[in-house]
Amino acid sequence: MLCLRAAIAGAALTVALSCGLSTGNAQSDELTVLAAASLTNALEEVGAQYAAETGKTVQFSFASSSALAKQIEAGAPAQIFASSDQKWMDYLAGRNLIEVDTRVSPIGNSLVLIVPADSAAGDIAVDASTDLGALLGAAGRLSVGDPDHVPAGIYAREALESLGLWATAEPRLARAEDVRAALVLVERGECPLGIVYATDATISDKVRVIGTFPAGSHTPITYPFAILTGQNGEDADAFFRYVTGPESLETFRKYGFSANE
């Protein structure tokens with residue numbers, strides 16, 4: 001129960017902080033990017049590099065792609081959206097809320113199984129024979145982005161279903177509001193096991209990857225970027241070219257993202 005309560009509390013704090021930073025405090029003369037939580041470290045570095053090169057700052061707000069898409073639908077002031085899956089970009093496209101001709105998917109990711117850094121669990125090949133019950137122990141929960149709406153959780157469910165592990169996993173999920181909240185629960189040792197993106201595990205020294213889900217077990221993890229409807233302009237167009245172009249690709253690679261062809 002502690003793990004589940006922590007997931008709910010952590011999720012609420014994550015969303016509260018994100019919304020407070022993004023919508024309530026956005027200034028009309030600032031470029032605002034709403035981006036998936038898993039992009040936090042990479043985009044903050046890209047933003048700093050862009051500011052150093054151009055003298056222009058970019059404001060970011062990070063949360064679950066689903067939460068951000070709903071914010072955009074509700075009229076959140078922003079110019080660019082970066083999603084961690086195609087579904088939520090499709091959602092906005094279907095409502096004419098993105099400039100569809102700007103939509104590109106420059107980077108990808110993978111899905112991994114993590115444990116606290118001091119866990120005794122050894123490396124495994126994640127497949128149909130994986131014993132989640134043994135890894136979780138008698139009362140442990142599996143930390144994951146809520147598979148009802150969080151992209152990381154949706155990918156996780158696809159993978160678990162594909163491998164025949166969903167029936168074991170579902171009753172023991174600790175559903176977090178985004179993938180970074182799921183990471184935190186494992187970092188704190190409140191959950192003995194978690195499923196996150198490889199890039200999230202890369203930025204933490206408090207967790208350890210014990211296995212990677214087979215690429216064929218879930219939909220390919222790609223990140224679509226797009227300018228929001230009516231938000232084209234010199235500043236938005238310039239940063240969009242920068243963040244989706246070769247200038248930023250090495251930074252994304254540094255944080256474990258793959259480059260899409």
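Hydrogens, waters and symmetry mates play no part in the numbers below; they use all other heavy atoms, side chains included.
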> Under the 3.5 angstrom rule, does the side chain of E190 hit a backbone N or O of L185 as a donor-acceptor pair?
Replying inline: no
>> Measuring only between side-chain heavy atoms, which start at C-beta, is E99 closer than 4.5 Å to D237?
In response: no
>> Given 3.5 Å as the limit, does a donor-acceptor pair link the side chain of S66 with the main chain of H149, or not?
In response: yes
>> Just to verify, what does F213 make a ring pair (Phe, Tyr, Trp, His ring centres under 6.0 Å) with, not counting sequence neighbours?
In response: none
> Cut-off 3.5 Å, side chains only: do Q49 and T251 have a donor facing an acceptor?
Replying inline: yes
> For D90, which residues count as a salt bridge (charged side-chain N to carboxylate O under 4.0 Å, His left out) partner, sequence neighbours excluded?
Replying inline: R103
>> So, using salt bridge (charged side-chain N to carboxylate O under 4.0 Å, His left out) as the criterion, who are the partners of E234 when residues are at least two apart?
In response: none
>> Measuring from atom OG1 of T168 to atom CG of L163, what distance do you get when rounded to the nearest 0.5 angstrom?
In response: 11.5 Å
>> Let me confirm one number: the CD-CZ distance from E170 to R157, rounded to the nearest 0.5 Å.
In response: 6.0 Å
> Quick one: ring pair (Phe, Tyr, Trp, His ring centres under 6.0 Å) partners of F81, sequence neighbours excluded?
Replying inline: none
> Would you call K254 and E45 a salt bridge, using N to O less than 4.0 angstrom?
Replying inline: yes
>> Are L142 and L135 packed together at the side-chain level, in the sense that at least one heavy-atom pair is separated by less than 4.5 angstrom?
In response: no
> Can a donor-acceptor pair be found between the side chains of D85 and Y155 at a distance below 3.5 Å?
Replying inline: no
> Judged by atom type as modelled, is there a donor-acceptor pair below 3.5 Å linking the side chain of S248 to the main-chain atoms of G245?
Replying inline: no
> Going by distance alone, is a donor N or O of one side chain under 3.5 Å from an acceptor N or O of the other, for Q86 and T222?
Replying inline: yes
> Looking at side-chain heavy atoms only, is the closest gap between D200 and R180 below 4.5 Å?
Replying inline: yes
> So, do Y197 and I221 sit near enough that their side-chain heavy atoms are less than 4.5 Å apart?
Replying inline: yes
> Mind checking whether F62 and F60 have ring centres under 6.0 Å apart?
Replying inline: yes
> What's the verdict on side chain to side chain contact (heavy atoms under 4.5 Å, CB included) for Q59 and V33, showing C-alpha distance, side-chain angles and the deciding distance?
Replying inline: CA-CA 6 Å; Q59 178 172 305; V33 177; over 6 Å; no
>> Is there a continuous path of hydrophobic side-chain contacts, each under 4.5 Å between heavy atoms, that joins L43 to I107?
In response: yes
>> Heavy-atom count check: over 12 atoms from other residues, nucleotides or ligands less than 6.0 Å from K87 NZ?
In response: yes
> Within the side chain of T130, is there an N or O that forms a donor-acceptor pair under 3.5 Å with the backbone of D127?
Replying inline: yes
>> Is there a path of hydrophobic side-chain contacts, each under 4.5 Å between heavy atoms, that joins I114 and L165?
In response: yes
> Can you check whether V209 reaches L113 side chain to side chain, under 4.5 Å on heavy atoms?
Replying inline: no
> Between atom CG of N232 and atom CD1 of I227, what is the distance when rounded to the nearest 0.5 Å?
Replying inline: 4.5 Å
> Between I98, I80, T102, which is the residue that forms a side chain to side chain contact (heavy atoms under 4.5 Å, CB included) with L228?
Replying inline: I98
>> Could you see if I154 belongs to whatever hydrophobic cluster contains V112? Use Ile, Leu, Val, Met, Phe, Trp, Tyr and a side-chain cutoff under 4.5 Å.
In response: no
> How about L132 and L193: do any of their side-chain heavy atoms sit closer than 4.5 Å?
Replying inline: yes
> Do you know which two heavy atoms are closest between A37 and V179, and how far apart they sit?
Replying inline: CB-CG1, 4.5 Å
> Is it true that a side-chain atom of R253 and a backbone atom of S258 form a donor plus acceptor pair closer than 3.5 Å?
Replying inline: no
>> Assess, by modelled atom type and distance only, whether the side chains of N109 and T199 contain a donor and an acceptor separated by less than 3.5 Å.
In response: yes
>> Let me confirm one number: the CZ-CZ distance from R172 to R141, rounded to the nearest 0.5 Å.
In response: 8.0 Å
> Would you call D148-R175 a salt bridge at under 4.0 Å N-O?
Replying inline: yes
>> Quick check for you: to the nearest 0.5 Å, what is the distance between H218 atom NE2 and E158 atom CD?
In response: 8.0 Å
>> Hydrophobic clusters here meaning ILVMFWY residues chained together by side-chain heavy-atom distances under 4.5 Å, can you tell me if V184 and V196 are in one?
In response: no
> Where do S84 and S65 land on the side chain to side chain donor-acceptor pair (under 3.5 Å) test, with the steps shown first?
Replying inline: CA-CA 6 Å; S84 59; S65 297; 3.1 Å; yes
>> Applying ring-ring contact (aromatic ring centres under 6.0 Å, His included) as the test, list every pair that has at least one member in residues 90-140; sequence neighbours left out.
In response: W88-Y91
>> Could you check, using the six-membered ring where one of them is a Trp, whether F257 and Y223 have ring centers closer than 6.0 angstrom?
In response: yes
>> Please find the pair of heavy atoms, one from L173 and one from P147, that lie closest to each other, and give the distance.
In response: CD1-CG, 3.9 Å
> How many angstroms lie between OG1 in T229 and CG in L97, if you round to the nearest 0.5 Å?
Replying inline: 5.5 Å
>> Under the rule for ring pair (Phe, Tyr, Trp, His ring centres under 6.0 Å), what residues qualify as partners of Y50, not counting sequence neighbours?
In response: F239, Y242
>> Can you confirm whether F240 sits close enough to L31 that some side-chain heavy atom of one is under 4.5 Å from a side-chain heavy atom of the other?
In response: no
> Is there a donor-acceptor pair under 3.5 Å between the side chain of S143 and the backbone N or O of C191?
Replying inline: no
> So do P192 and S119 actually touch side chain to side chain, heavy atoms under 4.5 Å?
Replying inline: no
>> Taking L183 as the starting point, is it possible to reach L39 by hopping between hydrophobic residues whose side chains are less than 4.5 Å apart?
In response: yes
